[in-house]
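Structure, as structure tokens:
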Number of protein chains: 2
Amino acid sequence: MTNIRKVAETAGVSVSTVSRVLNGHPYVREDKRRIVLETIKALNYTQNANAVHLSRGKTNSVGVVLPYLNLPYYGEILQGIAEEALKAGYHLRLYQTNYDSPAELDAFAALRMKEVDGLIVASRTNDLEELKGFMEGDRPIVLCENLESESLRSVYIDHYQAMGRALSYLQEKGYRKIGLCIHRLSGKNSEDRMRAFREYRGIEIRNEWIFTGCYHMEDGCRVLREWMNLKERPETLVVTSDQVAAGLLSEAGRRGVSIPQDLALLSFDNHPISELMGITSIEVPSRSLGREAFRMFLEEGRHRSVLQTTLFERDTV
Amino acid sequence: MTNIRKVAETAGVSVSTVSRVLNGHPYVREDKRRIVLETIKALNYTQNANAVHLSRGKTNSVGVVLPYLNLPYYGEILQGIAEEALKAGYHLRLYQTNYDSPAELDAFAALRMKEVDGLIVASRTNDLEELKGFMEGDRPIVLCENLESESLRSVYIDHYQAMGRALSYLQEKGYRKIGLCIHRLSGKNSEDRMRAFREYRGIEIRNEWIFTGCYHMEDGCRVLREWMNLKERPETLVVTSDQVAAGLLSEAGRRGVSIPQDLALLSFDNHPISELMGITSIEVPSRSLGREAFRMFLEEGRHRSVLQTTLFERDTV
DNA sequence: CTGAAAGCGCTAACAC
DNA sequence: GTGTTAGCGCTTTCAG
């Protein structure tokens, strides 16, 4: 167990001198610095991160809270966070929650326990007030949702606006009967989308045209079959992820449903698959969302940031 | 800054007693236990993880080293690891490397610094010998590649065998001229695949039929165009990921190339997209790979484990 | 059952 | 420039 004291002793200097060269502090004579460096190498010494963290009171790492890892949307957010973290010399601790409340609280507990310097929450299931209880003075929490708060930081896409835009685009194209494929009904982002959907005027919507639990391609296939079994069908579906839209589209091909003649599809994300399959999609800049979330964690001051969406017209509307 | 000592003082007991109730140790009288618990709640006290880690010499977390986060293969591995880690009460530290050598070494440095209790390496770029230099007595390193080693642990898919099987399947189907789409040429897994490809007898292969840098759908599109520009074309392509095969397939549709008549495709992964698009694919159980990797990190004893692949015949061969 | 005290390994204020 | 030393907050012998 070779520690800083041993290095100091064998190098014939004090621990503080060793600490200074370790941390690149000034005021160390060149010859001492050199002998310390040599001793470190000779003893094959490495700092103990936990001791450093304890002493410094921070860990240079940030926790990322997300429900699933195998969904492109979260993969991209994570990638964006990772890119910025790498630049800033931060590391990521992952809290994959499956929207399980205790698993999510775990991440917040880690914050209080000073295991992470801050938290980026890509999506959550716990109540905001509950979560606020875990706040620690200067340890930022960034949420990827539209939020007004003194204490929390928020990077988001205006899903209310994006949904409104989707609907007005469909309306312009002459569609009236509109259905929806959505991940879940709870959660700020989903609620914003739902609200926009329900409040929009001049279209026909029905509860049985709203399909929830749509995450993967398979869900898209399932929804198309359900759509076929409907007595009264919507003419078009707004789909909150490209993966699901891809499932819908390909199942439609198999079942002889013409897109967009029988059913139009307007999707969100604009990931490569939508371009590949010619799916009209509204880009949600998830990678940028991740990047921005990390920057917001790092920088003091900014507490709120909106990212813009872009419509890509292709062949499914 | 409410710490264990303060809790002890206000509860009127010693720090060790507080520590005992904190850690659920036996031999604490019920009334003391209760008063400690109450004081903890009253003072809104939380343990400092870094102090615990320092004192215990372990962090209950494992580092995961992988090149990219937005590739389904790695997403699934990560998901598998996360599932098992959750069960075991471990946390994940992410080291996303982009196959950048220093970024990868960072993870190994963290191991030496006792920031993680072990490492799971999904894919690496550094030399094995170099990495071994970072080994710490009892801190396991699990690599997702075929490896014989006393010190390292290995969970893998036999890519040599899987490739051989792919080729013999194609051969049975009457194909002779075979090309290859592969991620990269270096790396144990890729080398195993390449070796199987080169050593296989009775088929025609050419260097210009080997396409590297194939990760995403877009790469598949690109490769199809390159294939079209070839004077002499292979009749079939073995593709090391469904995403890339999907790109090839859809670009083929756009360019009027018939699959499998003009070009057959045999892919790896068997992720949902291959089922969706009817791509013949050899299942690589990446989720299980992740799960198994974590178990191997945790359990003493087992040092080597192979996972089997399964062929799913569909419409592209 | 309980407490005192010796670490765990490092940082940084302070004195020289 | 350099060394001494008091923390950082917790765990865990060891003695009682």
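All values below were derived from every heavy atom in this structure, side-chain atoms included, with hydrogens, water molecules and symmetry-related copies excluded. Convention: sequence-line order gives letters A, B, ...; per-chain numbering from 1. Because the structure is a prediction, the values reported are computed rather than measured.
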Of the nucleotides [options], which has the atom closest to the [X] side chain?
{"X": "A/Leu54", "options": "D/dC10, D/dC8, C/dC10", "value": "D/dC8"}
{"X": "B/Asn48", "options": "C/dG9, C/dT11, D/dC10", "value": "D/dC10"}
{"X": "B/Val28", "options": "D/dG1, C/dC10, C/dT2", "value": "C/dT2"}
{"X": "A/Val13", "options": "D/dT11, C/dC8, D/dG3", "value": "D/dG3"}
{"X": "B/Leu22", "options": "C/dT11, D/dC8, D/dT11", "value": "D/dT11"}
{"X": "B/Arg20", "options": "D/dT2, D/dC14, C/dT11", "value": "D/dC14"}
{"X": "A/Ile4", "options": "D/dT2, D/dG9, C/dC10", "value": "C/dC10"}
{"X": "B/Ser16", "options": "C/dT11, C/dG3, D/dC10", "value": "C/dG3"}

- [ ] Examine C/dG9: is either OP1 or OP2 under 4.0 Å from a nitrogen or oxygen in the side chain of B/Lys114? Give yes or no.
- [x]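 Checking C/dG9 against B/Lys114, no side-chain N or O comes under 4.0 Å of OP1 or OP2.
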Task: Under 4.0 angstrom between B/Lys32 side-chain N/O and C/dG3 OP1 or OP2 - done: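 So the side chain of B/Lys32 is within the cut-off, an N or O lying under 4.0 Å from OP1 or OP2 of C/dG3.
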TODO: Would you mind telling me which residue lines up with the more 5' stretch of DNA chain C, B/Arg56 or B/Asp31, judged by nearest nucleotide?
DONE: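 On the 5' side of the pair lies B/Asp31.
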Open item on the list: Using heavy-atom distances to pick each residue's nearest nucleotide on DNA chain C, tell me which of A/Ser55 and B/Glu30 is more 5'.
Closed with: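 This one resolves to B/Glu30.
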- [ ] Starting from the C-alpha separation in whole Å, work towards a yes-or-no answer on ring-ring contact (aromatic ring centres under 6.0 Å, His included) for B/Phe297 and B/Tyr90.
- [x] CA-CA 11 Å; B/Phe297 151 75; B/Tyr90 271 77; 5.4 Å; yes
Nucleotide [N], atom [atom2] - distance to [atom1] of [X] in whole Å:
{"X": "A/His25", "N": "C/dC10", "atom1": "NE2", "atom2": "P", "value": "14 Å"}
{"X": "B/Ile40", "N": "D/dC10", "atom1": "CD1", "atom2": "C1'", "value": "13 Å"}
{"X": "B/Asn3", "N": "D/dT11", "atom1": "CG", "atom2": "P", "value": "12 Å"}
{"X": "B/Ile35", "N": "C/dG3", "atom1": "CD1", "atom2": "P", "value": "11 Å"}
{"X": "B/Glu9", "N": "C/dG3", "atom1": "CD", "atom2": "P", "value": "13 Å"}
{"X": "A/Glu115", "N": "D/dC8", "atom1": "CD", "atom2": "P", "value": "20 Å"}
{"X": "B/Arg5", "N": "C/dA6", "atom1": "CZ", "atom2": "C1'", "value": "14 Å"}
{"X": "A/Arg34", "N": "D/dG1", "atom1": "CZ", "atom2": "P", "value": "14 Å"}

Open item on the list: Determine whether the aromatic ring centres of residues A/Tyr73 and A/Tyr68 are separated by less than 6.0 angstrom.
Closed with: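 No, they do not, as the ring centres are separated by 6.0 Å or more.
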Open item on the list: So that I know where these two stand, are A/Tyr95 and A/Phe108 an aromatic pair - ring centroids less than 6.0 Å apart?
Closed with: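 Centroid separation for A/Tyr95 and A/Phe108: 6.0 Å or greater.
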TODO: Starting from the 5' end of DNA chain D, give me the residue, A/Val15 or A/Tyr27, whose nearest nucleotide shows up first.
DONE: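 Counting from the 5' end, the first nearest nucleotide belongs to A/Tyr27.
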Open item on the list: I need the minimum non-hydrogen distance between B/Ser14 and B/Ala8, along with the two atoms involved.
Closed with: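 The pair with the smallest heavy-atom distance is C-CB, 3.7 Å.
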Open item on the list: Looking at every heavy atom in both A/Thr59 and A/Lys114, which two are closest together, and how far apart are they?
Closed with: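 Taking every non-hydrogen atom into account, CG2-O, 3.4 Å.
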Open item on the list: Please identify which of these residues, B/Glu130, B/Glu104, B/Glu145, meets the side-chain hydrogen bond (donor to acceptor under 3.5 Å, both in side chains) condition with B/Arg124.
Closed with: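 For B/Arg124, the side-chain hydrogen bond (donor to acceptor under 3.5 Å, both in side chains) check succeeds only for B/Glu145.
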- [ ] Using a heavy-atom cut-off of under 4.0 Å over every strand shown, decide if A/Asn23 touches base, sugar-phosphate, or nothing.
- [x]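 Sugar-phosphate: the residue A/Asn23, judged by heavy atoms under 4.0 Å, touches backbone atoms but no base.
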Task: Sugar-phosphate only, base, or nothing, as touched by A/Thr17 at under 4.0 Å among non-hydrogen atoms - done: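 Sugar-phosphate, backbone atoms only, no base.
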